[in-house]
Amino acid sequence: MRIPASAAAVLALTTAPVLAAPQVVTDLVPTGALVQEVMGDLGEVRVLLPQGASAHHYQMRPSDAQALQSADLVVWMGPALTPWLARASDTLGGSEQLRLLEVDGITLRGYADAAADDHEAHGHDDGHGHDDHAHDDAHAHHDDHDHDHDHAHDHDHDHDHDHGDHDHGDHDHAHTGTDPHAWLSPANAGPWLEAIAATLSEQDPDNAATYRANADAAAARIAALDTQLRDRLAPHADDRFVVFHDAYGYFTTHFGLQPAMAVSLGDASTPSAARIDQIRTQISQTGARCAFPEYAHDDSLIATVIEGTGTRLGGELSPEGGMLAPGAGQYDALLTGLADTIVACLSAE
């Protein structure tokens with residue numbers, strides 16, 4: 001039986017192959033969660049960092065390298081956080097990169113700010129962006145990223161081994177540069193979602209409207225969560241507490257909390273004996289209420305610094321969402337989990 005020409009045309013239209021959404025690889029759970037929010041059900045984002053691994057010192061597996069090579073887009077914070085991915089990005093070829101620490105309109109803070117923060121309260125809102133910290137073309141191809149990255153730590157992060165086996169001594173005193181844990185300020189989520197949607201739309205213009213709508217919906221939801229968390233944390237604005245490593249400055253600044261006393265530096269390296277003594281002195285002087293160990297890190301350091309004090313041991317924190325499986329909604333879960341754990345300890349009698 002012959003098929004009429006008009007029917008054949010309809011059949012051809014209905015059976016035409018649908019272009020696949022871009023294949024996206026990300027560094028961390030919070031990054032992957034934001035990208036998944038924008039992609040929705042159009043694609044599944046691959047997160048490189050497995051549960052329990054250190055963002056600073058992870059060693060890539062062959063399967064990770066294969067995923068990077070096949071990716072259309074790699075979305076990551078940048079070299080200051082994941083030096084292992086910085087080295088791999090040099091061989092990405094045609095894969096496009098979106099480095100979130102280089103997106104216009106976000107707020108960045110320096111590790112040196114933490115020292116200044118110890119002398120004043122954090123009642124201000126960091127929601128206003130500092131564009132002088134951002135680069136103009138955050139989602140350029142690799143060839144556009146040959147410039148120096150001022151956001152890297154001044155000390156050398158170029159290590160694949162676990163710093164937990166080493167005492168860094170005077171390394172404690174050379175902690176400068178940009179703090180890369182910028183996802184812990186929800187004020188940065190909006191510009192990131194916008195940049196992710198724009199980059200995906202360039203690669204997949206047929207679904208641009210969907211990406212834009214998904215980004216707007218996620219931004220609105222995260223803004224509402226921001227307000228809820230502010231209200232929950234507000235009663236603890238003057239409480240002092242201790243954390244495992246210097247990763248929470250964006251969180252404490254944004255939510256108006258006192259700066260956390262960090263036992264380890266921002267790269268989670270092993271602190272020297274002198275630094276441990278320094279933190280113990282600060283605990284005594286400030287009357288810190290709680291100390292929080294960190295998921296997948298040795299909690300003996302926290303136990304050591306609070307030994308003999310009245311400081312309460314709180315639950316585990318994870319700035320990277322190390323206990324969370326990748327997926328949409330996990331950015332919200334990460335921020336909510338941090339707030340829940342902090343409030344639970346600080347509010348205990």
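Predicted model, so just to flag it, every value in this text is computed and none were measured. Hydrogens, waters and symmetry mates are skipped; everything else that's a heavy atom, side chains included, is used.
Checked by atom type and distance alone, the side chain of Trp192 never pairs as donor or acceptor with a backbone atom of Val103 at under 3.5 Å. Between the side chain of Gln36 and the main chain of Gly43, a donor-acceptor pair closer than 3.5 Å is present. A donor-acceptor pair under 3.5 Å is formed between the side chain of Ser95 and the backbone N or O of Ala71. With hydrogens and angles disregarded, a donor-acceptor distance shorter than 3.5 Å links the side chain of Tyr250 to the backbone of Asp179. For Arg240 (side chain) and Pro259 (main-chain N/O), a donor-acceptor pair under 3.5 Å exists by modelled atom type.
Proximity of Leu317 to Tyr295: side-chain heavy atoms (C-beta onward) are nowhere separated by under 4.5 Å. In this structure, the side chains of Leu200 and Pro22 come closer than 4.5 Å at one or more pairs of heavy atoms.
Side-chain polar atoms of Asp27 and Thr31 form a donor-acceptor pair below 3.5 angstrom. Judged purely by distance below 3.5 Å, without hydrogens or angles, the side chains of Tyr248 and Glu294 pair a donor atom with an acceptor atom. Side chains of Trp76 and Gln97: a donor on one and an acceptor on the other come within 3.5 Å.
Relative ring orientation between Trp183 and His181 is described as tilted, the plane-to-plane angle lying within the 30° to 60° band. The aromatic rings of His245 and His297 sit tilted relative to each other, their planes meeting at an angle between 30° and 60°.
Using a cut-off of 4.0 Å between Lys/Arg side-chain N and Asp/Glu carboxylate O, Glu37 and Arg221 are scored as salt-bridged. With respect to the salt-bridge test (charged N to carboxylate O, under 4.0 angstrom), the residues Asp277 and Arg280 do not qualify.
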### Task
Show the numbers, then the answer: is there a side chain to side chain donor-acceptor pair (under 3.5 Å) between His254 and Arg230?
CA-CA 9 Å; His254 181 83; Arg230 283 179 183 275; 3.1 Å; yes
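If you take CG on Leu49 and NE2 on His56, they are separated by 10.0 Å, rounding to the nearest 0.5 Å. Note: Asp72 CG to Asp204 CG = 9.5 Å, rounded to the nearest 0.5 Å. Atoms CD1 and CG, from Ile222 and Asn188 in turn, are 11.0 Å apart once rounded to the nearest 0.5 Å. Note that CE of Met60 and CD of Gln66 are 10.0 Å apart. Values are rounded to the nearest 0.5 Å.
For Phe244 and Phe292, the distance between ring centers is not under 6.0 angstrom.
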